[in-house]
Amino acid sequence: MIPLPGFDEGAKPHIPVERVQLDGSRRKVPRGFGGGRNFGDRKKHAADLNGDIDFVLSDVAARAPALGIDPRLILVVETLVSSQSVADEANWQRSGLRIVDTSSTKRVVAFSDDPAMALFLARLETYGGGPKNGQASATHEAFFDNIDNVRPYGPQDRIGVELQTALRQSGRDDEVTVDVEVWYPGDIATADSWVTLISEAVRAASGIVHDTFSSEASGLALMRVSAKAGVVQQLLNVDLVAKVEVLPDSLTINASPSEISADTVADLPIPDETAPLVGIIDSGVVANHPLLRGCVVGAVSTSAWIEDGADRHGHGTAVASILARGSLDGQIASNEWDGHPFRVLSVRVLDENAQIPPYRLAERELTDAAIYLAQQGVRVINLSLGDLNGMIVGNRAPSIAALLDALSRSLNVVFVVPTGNVAPREYAGQFDESLAIDYPLRMLESPNSLLLDPAPAATALTVGSLISPLKPLPLGTAPLGKAAWPSPVSRIGLGIGDAIKPELCAPAGTVGQDQQSHTLVELDELQVVVADGRLNSTGLITHDFGSSLAAPHVSRVAALVATKYPNATGNLIRALTLQSAEPVALDFLAAATEFIEGVAASEGRRFVGYGQASSLRSAESAIRDTVLIAESEIPVDGVHLFAVPVPEAFFARKRAARGMTVTLSFDPLVRSRRMDYLSTRLKFEVVRGLPADQVIEMFLSEAEDAGAGRRVKIPNRRGLKVSGISTQKRVAMEPAQTVRSLGANQLARKTWQNSLPRFNDFPNDFLVVVQSLNRWAPPTSVQPYALTVRLWVDDKLPPIYEEVRTKVNSARIRARGRAQTR
């Protein structure tokens, strides 16, 4: 049997570390707006905006009711600043506008409850009158100087891309089934009343409302509707509607049967009740499949529209076989099997066509499935699904992504999702001989290769796919890419607010190319082996490729962590899974084009994230590879410190590699249609050679002015500044704090080839600083998070585990002793 890392009794447990008991809250500063005025002639600008408002008001007055629903005053305000902070919503509310969307760059969508917009126009008139009583700026200057123009929100804003095609191809009386997103105005009661109003209107027009779903936690109000195309056209004129789109396409499985028989795998190991448990939401599983024998602890359906948990498509069984057994390729070939298979609990949400039942919203089905799995004790849920019509656009969180972020927080579970698949024809342009090398560049340049919903979910671990080890191919064919390069069928990031997505990657195959015609071909040799669960299939295994098959490799790592640390929160499971990432070489970019080194790293993360997850590195420490773990709750605008001892090996005067990796995961509240999608942002930095109280003071003295997009330095009595920390004392990690802190799953690395300087007059510990930057969380709230710190040295240097453990335990004892004497 092949041993599985993480089950070795001699492995070293990770070391808990407690934070230094010096707390602080970020000092508040007045929010400025910075820079000079955008419109020098205030009077003219006010007149232009007045003209825009007149047009919007006349447009509303002229329109007839749509489906019997009276027009509402909803407008699009185009702004000049590239982001709109939720913290600034009070300015809009004071102007009589209720914001419903700031997710797109330089655009605010708002309702006016006052059909005459009297308050807005009065404030605009005051601004146009210029400064009063010797003031330098006009009243409301910052607000109106940032507004470029105002226009109505119309059908062109509501119609989905696929729906445009569907309506062009449909007669007026043809039935169309669509998903309708209703504006979420900030409170669930109003949202529900709007959903009810639209539902009644659709039914009055002889349409059918199959399902509705609203969520205060994710800021969603959704409907699934079937109606004549003419009725759907009218829906596009209902002001309470944000978006209308046809249903997503079904998943496909590119599979061919294998002649391997069940007798070949008759003696596979069976997991016991202590084996890691991982949940799967998919098309179900074939529970009695020979490769899954004894691994499936349950296969159910939580939907009234799906009869049972049996797989009638094949996708779920393929994914489950990787969850249960890991990579099957080498095991099938050698007939040597992983001695510690995992247990799988499956909830079926897809029908035989790999679609959500046509009369249910995906958000409702996924919610019910996730709640069931959490109730059964599942901590890690593999969701190898994606909305093929739900590509990330701008800064807006797609609906399922927002739902997963809300569920991961409320259920304390970890979702693992793929980036989604993309056909090379969607981004490649011409198929030529250079495609095999420069497809990564073409993906970077194409808007068609971006993430699919729910891959942008902030708290989910999103997984891209790599090309598996290559095998000999038929003459006249060659693979697209090379082994360990990103797969040409795996979509790329970034995520919401330019967060690093995907975070992780795993092997999942590629496609081939005919060297004469340059057409693409699907070859078994370039795909991965999975269990064949297709209805009426006679094969035991099949071959397939795509990011759906990369995600379960990461789910296994996360499930192993959850088993090793049963009391860990979802935050810690994610942080340790992320900590296991091994960097992936970025030579695929260098081969495609001439990148400067820094750009190559940032662009490369869009394909592979922080690297490839590893079971060995996630669940256990080693004598030269030691992980410290911590969980805490940080108050709004607070600062936490963790003291991490520097091992003596780091000071050894020998040319040998040594390094540090820090990960941080947290689960903030979210708002789906906001530029500030996350209620709180956390960031971390590492310093050394400084007293802890001085570090606290420095980080409290630097505040972020989110409204103006600039930093404000606050002087303090000692003149201390974070920016003034010397390069010897501030650890410059990669990626930079400004890049990694955009997401809820963060990682940074630092490697030294030579010894660290020793400070004789100052502490030598690493101080890891965690800072909370509030966006719109309640001022009395706290944000849970998990932190991990990995210290490692190569074989030329002495072991470090026992030294680090002893120093951490000693520090804990001293701290508790001081607390008792107070």
For R775 and S679, run side chain to side chain donor-acceptor pair (under 3.5 Å): C-alpha distance rounded to whole Å, both residues' side-chain angles, the deciding distance at 0.1 Å, then the answer.
-> CA-CA 5 Å; R775 294 306 193 249; S679 63; over 6 Å; no
Does a side-chain heavy-atom distance below 4.5 Å link L576 with I629?
-> yes
Begin with the C-alpha distance, continue with both residues' side-chain angles, and end with the deciding distance and a verdict on side chain to side chain donor-acceptor pair (under 3.5 Å) for T788 and T663.
-> CA-CA 5 Å; T788 76; T663 68; 2.5 Å; yes
Distance (rounded to the nearest 0.5 Å) between E603 CD and L494 CG = 8.0 Å
Provide the full list of ring pair (Phe, Tyr, Trp, His ring centres under 6.0 Å) pairs with a residue in residues 600-634, sequence neighbours left out, each pair given once.
-> F588-F607
Spell out, as yes or no, whether a donor-acceptor pair under 3.5 Å connects the side chain of D794 to the backbone of K796.
-> yes
Side chain to side chain contact (heavy atoms under 4.5 Å, CB included) between L747 and V662, worked out | CA-CA 6 Å; L747 177 149; V662 180; over 6 Å; no
Does V793 offer a backbone N or O that forms a donor-acceptor pair with the side chain of R658 under 3.5 Å?
-> no
Using the test side chain to side chain donor-acceptor pair (under 3.5 Å), find all partners of Q728 that sit at least two apart in sequence or belong to another chain.
-> none
Could you walk me through whether R758 and N764 pass the side chain to side chain donor-acceptor pair (under 3.5 Å) check?
-> CA-CA 7 Å; R758 192 188 295 272; N764 278 288; 5.8 Å; no
Taking the side chain as C-beta and beyond, is there a heavy-atom pair between I634 and V782 under 4.5 Å?
-> no
Below 4.0 angstrom, N of the basic side chain to O of the carboxylate: do E734 and R605 qualify?
-> yes
Nearest heavy-atom pair of T577 and S580: which atoms, and what distance?
-> O-OG, 2.6 Å
Worked check of side chain to side chain contact (heavy atoms under 4.5 Å, CB included) between I573 and R379 = CA-CA 9 Å; I573 294 171; R379 305 297 312 285; 3.8 Å; yes
Pairs involving residues 405-417, ordered by first then second residue, that meet salt bridge (charged side-chain N to carboxylate O under 4.0 Å, His left out) (sequence neighbours left out) | R409-D667
Side-chain touch L466/V608, heavy atoms, less than 4.5 angstrom = yes
Is a side-chain donor or acceptor of E582 paired with a backbone partner of A613 at a separation under 3.5 angstrom?
-> no
Could you tell me whether the side chain of P668 reaches within less than 4.5 Å of the side chain of Q783, counting heavy atoms only?
-> yes
Correct closest heavy-atom pair for G611 and V584 would be CA-CG2, 4.0 Å
From S665 atom OG to L787 atom CG, the distance as rounded to the nearest 0.5 Å | 9.5 Å
Start with the C-alpha gap between R606 and L450, add the side-chain angles, then the distance that decides, and say whether side chain to side chain contact (heavy atoms under 4.5 Å, CB included) holds.
-> CA-CA 9 Å; R606 294 179 59 185; L450 302 179; 3.8 Å; yes
Do R624 and W792 touch side chain to side chain, with heavy atoms closer than 4.5 Å?
-> no
Would you confirm whether N412, through its side chain, and G570, through its main-chain N or O, come within 3.5 Å as a donor-acceptor pair?
-> yes
Quiz item: cation-pi between R671 and W776, 6.0 Å / 45° | yes
Looking only at atom types and distance, does a side-chain atom of K501 sit under 3.5 Å from a main-chain N or O of A457, one as donor and one as acceptor?
-> yes
R740 to F684, cation-pi by 6.0 Å centre distance and 45° axis angle | yes
Shortest non-hydrogen contact from N382 toward S555 | OD1-OG, 2.7 Å
d(R574 CZ, Q746 CD) to nearest 0.5 Å is 10.5 Å
Does the side chain of L641 come within less than 4.5 Å of V695's, by heavy atoms?
-> yes
Is there a donor-acceptor pair under 3.5 Å between the side chain of Q753 and the backbone N or O of R655?
-> no
D625/R790 salt bridge by N-O under 4.0 Å criterion | yes
Do T680 and S772 have side-chain atoms, one donor and one acceptor, less than 3.5 Å apart?
-> no
Smallest separation among heavy atoms of V378 and V413, with atom names = O-CG1, 3.7 Å
Please confirm whether the backbone N or O of A777 pairs with a side-chain atom of N774, one donor and one acceptor, at under 3.5 Å?
-> yes
Chi angles and distances behind the side chain to side chain contact (heavy atoms under 4.5 Å, CB included) call for I725, L690 = CA-CA 9 Å; I725 302 175; L690 295 168; 4.2 Å; yes
Any side-chain heavy-atom pair of V769 and H640 under 4.5 Å | no
Any idea how F642 and Y785 line up, ring-wise: parallel (<30°), tilted (30 to 60°), or perpendicular (>60°)?
-> perpendicular
Validation row: V463, V416 side chains within 4.5 angstrom (heavy atoms) | yes
Considering only NZ, NE, NH1 and NH2 on the basic side and carboxylate oxygens on the acidic side, decide whether E620 and K564 come within less than 4.0 Å.
-> no
Main-chain N/O of T661 paired with Q579 side-chain donor or acceptor, under 3.5 Å = yes
Honestly, is R688 close enough over F759, meaning NZ or CZ under 6.0 Å from the six-membered ring centre and within 45° of the axis?
-> no
Search all heavy atoms of T419 against all heavy atoms of P502 and return the closest pair with its distance.
-> CG2-CB, 3.8 Å
Reported OH-to-OG1 distance for the pair Y801 and T806, which is rounded to 0.5 angstrom = 9.5 Å
Which heavy-atom pair separates A619 from Y565 by the least distance, and what is that distance?
-> O-OH, 3.3 Å
Name of the residue among L791, V789, V687 meeting side-chain contact (heavy atoms from CB on, under 4.5 Å) with F766 = L791
Inter-residue atom distance H14.NE2 - R805.CZ, 0.5 Å rounding = 15.0 Å
Does a donor on one side chain sit under 3.5 Å from an acceptor on the other, for S547 and S490?
-> no
For E803 and E648, indicate whether the former's side chain and the latter's backbone hold a donor-acceptor pair under 3.5 Å.
-> yes
Has the side chain of T462 got a donor or acceptor atom that lies under 3.5 Å from a matching backbone atom of P418?
-> no
Atom pair SG (C505) and NE2 (H553), whose distance is rounded to the nearest 0.5 Å = 11.5 Å
